[in-house]
Amino acid sequence: MNQFRKSSLISIIGSGLGGLSAAIRLAVAGHNVHIYEKNSTPGGKARSIRIGGFRFDSGPSLLTMPFVIKELFSSAGENINDHIKINKLDILCKYFYPDGTVLNAYGDVDKFSEEIKNQTTEKKENLLRYLAYCKKIYDLTSDIFLFRDLYSLKTFTNVKALKTLFMAGSIDPFRTMNKANRSFFTDERIIQLFNRYATYNGSDPYHCPATLNIISHVEYTLGGYYVSGGMIKLTDALYDLAEKKGVKFHFNSPVDEIVIEGNTVKGIKVKGEFKESEKVISNADVYNTYNKLVKGRKSKAAKKYTALEPSSSALVFYWGVRINSENLEAHNILFSGDYKKEFEELFQKKVLPEDPTIYIYISKKFSPGDAPEGEENWFVMINAPNGNYEFGIRNYELIKKTIINKIEKLTGYEISDRIVCEKVMTPRDIEDQTGSFGGSIYGISSNNRKAAFLRQPNRSKHYMGLYFCGGSAHPGGGIPLVLLSGKLCAEAIEKSESSA
Ligand SMILES: Cc1cc2nc3c(=O)[nH]c(=O)nc-3n(C[C@H](O)[C@H](O)[C@H](O)COP(=O)(O)OP(=O)(O)OC[C@H]3O[C@@H](n4cnc5c(N)ncnc54)[C@H](O)[C@@H]3O)c2cc1C
């Protein structure tokens, strides 16, 4: 670090992956960084759950864009291979359809196109044409939407250029994802498979813009990955790296206020105690930051953010199962019979779907220590509406029965008598444990085609010294994006220091 550069006292609210990413970069740049976390462990949504001899990743299971993590380690002068082992998935996901079709989505495009040809009526060439189209959208948008601060002067001209692309339709913003996918494929099973990628940021394929088809490019062309030992190893590695670089952690330390005088941030209050800070980064949900932590101010920003539609939530069952499921992979999807109806229920009616699509993640498939001999750790998730907590207790047994019946029907595995232990995470639990508004997993939804421009920027335009990172800030939710948000946030602070 340049000895004449100013070192700031920076407080970060929350130790989610976005907060850890920002902290590491700022500590490496020589700042005095403190993280205040209300929980007793780091990671936010990416933690571990233990029940007896079973270990579960609490939230994220699939890793994409690992180069973002590699760059984070190298920015701190470290080699990623000395900290975690990231491996490419051969089978990204195994799909089970209500009509009995079973389809392996291979990470290798040739193998996947062969599988599609063999198991469905879809043509190989359609997949290749589709992935080329998804790549084009990624190439046109990623640099500006993902890797840069949308609001810095430097990118302003690029944003203008992007708006031109947007208006000209080159990034496919005017069709819905579903409509675009129907223009490439005829087999309903393949349309449903690619429509599913809207859920990767908590959106609805029948409303979100086709621009989000970049997600398919990320998974099929850039690849899907897992971390040896489970996703918790990523959290652990980033926590260790942050400590090594001098970040100070304060656990069990809920922040109850961001103290602002005039329009300038002065610090935070933790359990009523004032902690002076020159900069404050909120890794907490943007909605809750404006409505709960920035006390007594009804700013324009708060009003704007409150009016936006949150992304979907989830209902997760963590089951220890006495089974050796040779026919399941690490990632499995059991599709619903009527996908459109499922999203109407989630986003318009705001109820749990009658026939939900079920995701089963079994980390024991690559991390044998996660369950005892002869047993497996099943993370069983369905999408849930944001903010509707009603079903939490009332319909619990019914939902569980529906899920078990469907698993038994589509996979052939009788599990009802084999569940040896259970823990449940509802949308309310997600809100309680991580502070996400209404239990939303990915901040605001992308159902509005302008969502990318509406997301909270990494630097507040309203309060000097207030910054944001994490899933509800730019560029959005999901592991690689929140790590990038930490990077953009740190860069914005560094820029403000050098211009001060
Ligand atoms: C069920 C589920 C499945 C998912 N699957 C995937 C997946 O497969 N792949 C993928 O890439 N992503 C997935 N995600 C999304 C991914 O987990 C998140 O985008 C990411 O982990 C969020 O990181 P974040 O930086 O936004 O922080 P968060 O994880 O939201 O953490 C925020 C932290 O701030 C703390 N905090 C909040 N308010 C305060 C306060 N007032 N004072 C102190 N601390 C506070 C919270 O306790 C928390 O620790 C999934 C998420 C869930 C829940």
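Quick note: residue numbers are just sequence positions, from 1. Start at 1 and go down the list; that is how both ligands and their atoms are numbered.
Listed by number with element, the atoms of ligand 1 under 4.0 Å from a non-hydrogen atom of Asn39 are 47 (O), 49 (O). Atoms of ligand 1 lying under 4.0 Å from any heavy atom of Ser253, numbered from 1 in the order shown and given with element: 43 (C). Listed by number with element, the atoms of ligand 1 under 4.0 Å from a non-hydrogen atom of Tyr36 are 43 (C), 44 (N). Near Asn283, the atoms of ligand 1 lying under 4.0 angstrom from a non-hydrogen atom of the residue are 24 (P), 25 (O), 27 (O), 32 (C). Every atom of ligand 1 is numbered from 1 in the order shown, and the set under 4.0 Å from a heavy atom of Val482 is 19 (O), 22 (C), 23 (O), 25 (O), 26 (O). Atoms of ligand 1 lying under 4.0 Å from at least one heavy atom of Gly44, given by number and element, are 29 (O), 31 (O), 48 (C), 49 (O). When each atom of ligand 1 is checked for a heavy atom of Ala284 under 4.0 Å away, the hits are 37 (C), 38 (N). Those atoms of ligand 1 with a heavy atom of Gly18 less than 4.0 angstrom away are 25 (O).
Distance from atom 27 (O) of ligand 1 to its nearest protein heavy atom, with residue and atom name: Gly16 CA, 3.4 Å. For atom 39 (C) of ligand 1, the closest non-hydrogen atom on the protein side is Ile13 CG2, 3.9 Å. Closest to atom 29 (O) of ligand 1 among all protein heavy atoms lies Lys45 N, 2.8 Å.
Judged by distance alone, with hydrogens and angles left aside, the side-chain atoms of Asp285 form a donor-acceptor pair with the main-chain N or O of Tyr287 at under 3.5 Å.
Among the atoms of Ala46, none of the N or O lies under 3.5 angstrom from an N or O of ligand 1. For the pair Ile479 and ligand 1, the shortest N or O to N or O distance falls below 3.5 Å. Annotation: Thr434 places no N or O atom under 3.5 Å from an N or O atom of ligand 1; distance criterion only. Residue Gly478 has at least one nitrogen or oxygen atom sitting less than 3.5 Å from a nitrogen or oxygen atom of ligand 1, judged on distance alone. The N/O atoms of Lys38, backbone and side chain alike, include one that comes under 3.5 Å of an N/O atom in ligand 1. Between Val255 and ligand 1, a contact under 3.5 Å exists for at least one N or O pair.
Taking the ring centroids of Tyr197 and Tyr220, they lie under the 6.0 Å cut-off.
A salt bridge is defined here as a Lys NZ or Arg NE, NH1 or NH2 lying under 4.0 Å from an Asp or Glu carboxylate O, and Glu71 with Arg25 meets this definition. Using a cutoff of 4.0 Å between basic side-chain nitrogens and carboxylate oxygens, Arg55 and Asp370 are scored as salt-bridged. For Glu78 and Lys244, the salt-bridge test passes: some basic side-chain N is under 4.0 Å from an acidic carboxylate O. A salt bridge links Lys135 to Asp139: one of the charged nitrogens lies within less than 4.0 Å of a carboxylate oxygen. Salt bridge absent: Asp256 and Lys295 never bring a charged side-chain N and a carboxylate O closer than 4.0 Å. Looking at Lys350 and Glu345, no side-chain N of the basic residue comes within less than 4.0 Å of a carboxylate O on the acidic one, giving no salt bridge. Ion pairing between a basic and an acidic side chain is recognised when a charged N comes within 4.0 Å of a carboxylate O; Glu273 and Lys275 show such pairing.
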Go through the steps to decide whether Phe96 and Phe335 satisfy the test ring pair (Phe, Tyr, Trp, His ring centres under 6.0 Å), and finish with yes or no.
CA-CA 6 Å; Phe96 295 82; Phe335 269 129; over 10 Å; no
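The heavy atom nearest to atom 3 (C) of ligand 1, out of those in Gly43, Gly59, Ser311, is found in Gly59.
The closest approach between a heavy atom of Gln433 and any atom of ligand 1 is below 4.0 Å.
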